[in-house]
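Right, one structure below, let's go through it.
Whatever order the structure lists ligands and atoms in, that order sets their numbers, starting from 1.
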Amino acid sequence: MPTLAGKTAVVTGAGSGLGRAVAQKLASEGTAGLVLIDRDKEGLAATREAIAAPRSCDVQSRCLDVTDSAALAEAARKADAAFGGVDIVVCAAGIIGPFGKIVDCSEEDWLKVFAVNVHGTFLTVKHFIPLLRKRGGGSIVNFSSTAGLVGDPLLGPYSASKGAVTLMTRSLARNHAAENIRVNCVCPGSIDTPMLQSVFEDLGDPAARAQREQEFIAFHPLGRFGKPAEVADAVLYLAGPASSFVTGVSLPVDGGSIA
Ligand SMILES: NC(=O)c1ccc[n+]([C@@H]2O[C@H](COP(=O)([O-])OP(=O)(O)OC[C@H]3O[C@@H](n4cnc5c(N)ncnc54)[C@H](O)[C@@H]3O)[C@@H](O)[C@H]2O)c1
């Protein structure tokens, strides 16, 4: 029996990397409904294509920006009309922002990182919690990072924004426990996705690129980058019945990088 049979899930950032892997994983566990959200239309189409959902799973795509409150409200209305509530909300949409120290970050870049990573997560849970309530409870899984648990000297603004997601998750867990809504987050280390590759591509020169890759790998005692499916497994655990007594947790999926 699939663990998510009959459940409806919403996944933001579903057009690439970890959001796509999560959508694939949830569909493979029997969800009856999936709402895929991303601002990248082609990415959403590719995810739809990649999902080996049974015919009984109704997969709907919503191309929108998670910083757009009105667009998320409309997506929630449509999800309500289609499914009469949702059971799982996964907030994976995020950006990495500029490399470097906080003091060197422009105000514009700082606001951009916080707009997507923090405000976008806030807006998503704000608009979808009423749909979880309609089901008598459910599970929210936010995307923080190991950089949201310890200060990252190389990615200062990103680290600050993910720290906010970690504590937003804990506050939400306390806010909604009495409504049977569990709220947890995953804290990935370096996972091989387009976002991680962008960190290396920025360097251009192949030798410098290879050196930075090795430096990043060296942070992980398991000696490699993680795979998107390994994070999706952790999200499935937090989203599904196996974690029924777990809320407010920040789960590293990081090859031991902050052990
Ligand atoms: N890959 C890693 O090593 C890593 C590590 C720790 C945390 N994370 C987090 O995991 C999440 C997914 O990252 P990923 O590696 O899959 O990145 P990715 O760049 O491959 O995918 C991110 C997706 O989010 C979408 N997105 C970005 N801003 C958006 C917005 N404003 N509105 C709607 N969609 C938006 C993008 O279009 C993209 O499809 C992010 O929150 C990221 O911070 C990733």
Give me the nearest non-hydrogen protein atom to atom 6 (C) of ligand 1 as residue plus atom name, then the distance to 0.1 Å. P188 O, 3.3 Å

Below 3.5 angstrom, do we get any N/O pair linking S145 and ligand 1? no

Decide side chain to side chain donor-acceptor pair (under 3.5 Å) for S159 and D152; before the verdict, give the C-alpha distance in whole Å, the side-chain angles of both, and the deciding distance to 0.1 Å. CA-CA 6 Å; S159 192; D152 188 324; 5.8 Å; no

Within this structure, what is the CD-CZ distance for the pair Q197 and R209, rounded to the nearest 0.5 Å? 5.5 Å

Under a 4.0 Å N-O cut-off, is there an ion pair linking E230 with R224? yes

Looking only at distance, does F143 have an N or O less than 3.5 Å from an N or O of ligand 1? no

Which residue and heavy atom of the protein sit nearest atom 4 (C) of ligand 1, plus the separation: G189 O, 3.9 Å

Any N or O of L196 that comes nearer than 3.5 Å to an N or O of ligand 1? no

Residue, atom and distance of the protein heavy atom nearest atom 37 (O) of ligand 1 read D38 OD1, 2.6 Å

Nearest 0.5 Å, what's the CG-CD distance between D205 and Q211? 9.5 Å

Taking S61 for the side chain and L36 for the main chain, is one N or O donor matched with an acceptor at less than 3.5 Å? no

For ligand 1, is there an N or O atom under 3.5 Å from any N or O atom of V66? yes

Inspect the contact between K25 and E29 and indicate whether a charged nitrogen and a carboxylate oxygen are less than 4.0 angstrom apart. no

Can you tell me which portion of L64 lies within the under-4.0 Å heavy-atom range of ligand 1? Options are side chain, backbone, both, or neither. backbone

Side chain, backbone, both or neither: which applies to S190 and ligand 1 if a contact is any heavy-atom pair less than 4.0 Å apart? backbone

Does ligand 1 come near enough to A92 that some N or O of the ligand is less than 3.5 Å from an N or O of the residue? yes

Starting from atom 18 (P) of ligand 1, what is the nearest protein heavy atom, named by residue and atom, and what distance separates them? S16 OG, 3.6 Å

Under the 3.5 angstrom rule, does the side chain of T12 hit a backbone N or O of A92 as a donor-acceptor pair? yes

Against ligand 1, does S144 come closer than 4.0 Å with any heavy atom? yes

Note the single closest protein heavy atom to atom 22 (C) of ligand 1, along with its residue, its atom name and the distance in Å. G94 O, 4.0 Å

What protein heavy atom sits nearest atom 8 (N) of ligand 1, and how far off is it? Y158 OH, 3.4 Å

Hey, can you tell me if F219 and F216 have their rings parallel, tilted or perpendicular (30° and 60° cut-offs)? perpendicular

Can you tell me the protein heavy atom closest to atom 3 (O) of ligand 1 and the distance? I191 N, 2.8 Å

Which of the numbered atoms in ligand 1 are below 4.0 angstrom from a heavy atom of G17? 16 (O), 20 (O)

Should D65 be counted as touching ligand 1, given the test is an N or O pair under 3.5 Å? yes

What protein heavy atom sits nearest atom 19 (O) of ligand 1, and how far away is it? M195 CB, 3.6 Å

Honestly, for T193 the part within reach of ligand 1 (heavy atoms, under 4.0 Å) is side chain

Geometric cation-pi criterion, R212 with F99: 6.0 Å, 45°: yes

State whether the side chain of T169 and the backbone N or O of N184 hold a donor-acceptor pair below 3.5 Å, judged by distance alone. no

Is any side-chain heavy atom of L72 closer than 4.5 Å to one of D65? no

Taking only heavy atoms of P194 into account, list the atoms of ligand 1 that are under 4.0 Å away from them. 20 (O)

May I ask you to list the atoms of ligand 1 that are less than 4.0 angstrom from any heavy atom of A93? 24 (O), 34 (N), 35 (C), 41 (O)

Checking side-chain contact (heavy atoms from CB on, under 4.5 Å) between L131 and each of T8, D87, D80, which is the one that passes? D80

Examine ligand 1 and decide if any of its atoms is less than 4.0 Å from a heavy atom belonging to K162. yes

F225 heavy atom under 4.0 Å from ligand 1: no

Run the numbers for me: atoms of ligand 1, each under 4.0 Å from some heavy atom of I95, listed by number. 27 (C), 28 (N)

Verdict with supporting geometry, T146 and D254, side chain to side chain donor-acceptor pair (under 3.5 Å): CA-CA 7 Å; T146 48; D254 69 335; 5.6 Å; no

Minimum side-chain heavy-atom gap R133-H176 below 4.5 Å: yes

